[in-house]
Amino acid sequence: REAIENDLVVPFHYFGIKDSFLSYSEEDVKSKIGEIAKSMCSQENCDFIDEQIRIHRPSDSKLRCIGFCSTRFEAQNLASIFAEKGYGTAYVDSRTETGERLEIFRRLEQTDDPLSLVFAIDILNEGIDVPSINMVLFLRPTESSTIFIQQLGRGLRKYKGKQYLTV
């Protein structure tokens, strides 16, 4: 809050959207993470996510979005599904080599590159700075307020022409 009040970061527009296709109850998350990941990648759920992106995305600039996922299966499959929907996509995880990660983030910043949506797992909580990010998708349950703040922070960096972050 202090960083926003002191104009150190951009403000954010947060949309807490009820996803009726998945259950995030405590027992489901702990015992059924694989089933939740499969449900996240269902056609019905992906259509819902796509609709929400289109409704809430910044209209005056290229979409530069990071989607935080629970599993590698989920990140890889969402990247594939959203590529079929016409988005430029990639996924990164802890196995993605540093050079490849940097290239993905460089491409995301480029106005003329079609890459617009990067799905991430077990990475990007800290230590990476891609100030042009204008949307963050929380596609995973997060019980840790520290991780939530770190992931939110990926998009709060100031960037030329960026008025706010959409979450």
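Excluded from the calculations below are hydrogen atoms, water molecules and symmetry mates; all remaining heavy atoms, backbone and side chain alike, are included.
- The closest donor-acceptor contact from the side chain of Glu74 to the backbone of Ser70 lies under 3.5 Å.
- By the side-chain contact (heavy atoms from CB on, under 4.5 Å) test, Pro114 pairs with no residue at all, sequence neighbours left out.
- Residues satisfying the ring-ring contact (aromatic ring centres under 6.0 Å, His included) criterion with Phe82, sequence neighbours excluded, are Tyr87, Phe119.
- Residues Tyr159 and Val167 are members of separate hydrophobic clusters, defined by side-chain heavy-atom contacts under 4.5 angstrom among Ile, Leu, Val, Met, Phe, Trp and Tyr.
- In this structure, Glu51 has no salt bridge (Lys or Arg N to Asp or Glu O under 4.0 Å) partners at least two apart in sequence or on a different chain.
- Of all non-hydrogen atoms in Cys65 and Leu137, the two that sit nearest each other are SG-CG, 3.6 Å.
- Put simply, Ile104 and Val136 are part of the same group of oily side chains (I, L, V, M, F, W, Y) that touch within less than 4.5 Å, one to the next.
- Contact between Ile133 and Leu165 at its shortest, heavy atoms only, is O-CD1, 4.0 Å.
- Judged purely by atom type and a 3.5 angstrom limit, Asn134 uses its side chain to pair as donor or acceptor with the backbone of Lys62.
- Between Thr166 and Tyr164, the closest heavy-atom pair is OG1-CE1, 3.3 Å.
- Applying the salt bridge (charged side-chain N to carboxylate O under 4.0 Å, His left out) test to pairs two or more places apart or on separate chains, those with a residue in residues 158-167 are Asp7-Lys158.
- With hydrogens and angles ignored, the 3.5 Å screen pairs no side-chain donor or acceptor of Asp50 with any backbone N or O of Cys46.
- Under a hydrophobic-cluster definition in which Ile, Leu, Val, Met, Phe, Trp and Tyr are linked whenever side-chain heavy atoms come within less than 4.5 Å, directly or via other members, Phe48 and Phe15 are assigned to the same cluster.
- Shown here are the salt bridge (Lys or Arg N to Asp or Glu O under 4.0 Å) partners of Arg57, two or more places apart in sequence or in another chain: there are none.
- With sequence neighbours excluded, no residue forms a ring-ring contact (aromatic ring centres under 6.0 Å, His included) with Tyr14.
- Annotation: side-chain contact (heavy atoms from CB on, under 4.5 Å) contacts of Ser59 (sequence neighbours excluded): none.
- Nearest approach of Ile81 to Cys41, heavy atoms of both residues: CD1-O, 3.3 Å.
- Across all non-hydrogen atoms, the minimal contact from Arg54 to Lys85 is NH2-O, 3.6 Å.
- Nearest heavy atoms, Thr89 versus Leu115: C-CD1, 3.4 Å.
- At least one donor-acceptor pair under 3.5 Å links the side chain of Arg64 to the backbone N or O of Glu109.
- Every side-chain hydrogen bond (donor to acceptor under 3.5 Å, both in side chains) that Gln43 has, sequence neighbours left out, goes to Asp47.
- Partners of Gln163 according to the side-chain hydrogen bond (donor to acceptor under 3.5 Å, both in side chains) rule, which considers only residues two or more places apart in sequence or in another chain, do not exist here.
- Take His56 and apply the side-chain hydrogen bond (donor to acceptor under 3.5 Å, both in side chains) test, not counting sequence neighbours, and it matches Gln52.
- Here Asn6 pairs with Glu2, Leu8 under the side-chain contact (heavy atoms from CB on, under 4.5 Å) rule; sequence neighbours left out.
- By the side-chain contact (heavy atoms from CB on, under 4.5 Å) test, Asp93 is found to be paired with Arg72, Tyr91, Arg95, Thr96, Ile121, residues two or more places apart in sequence or in another chain being considered.
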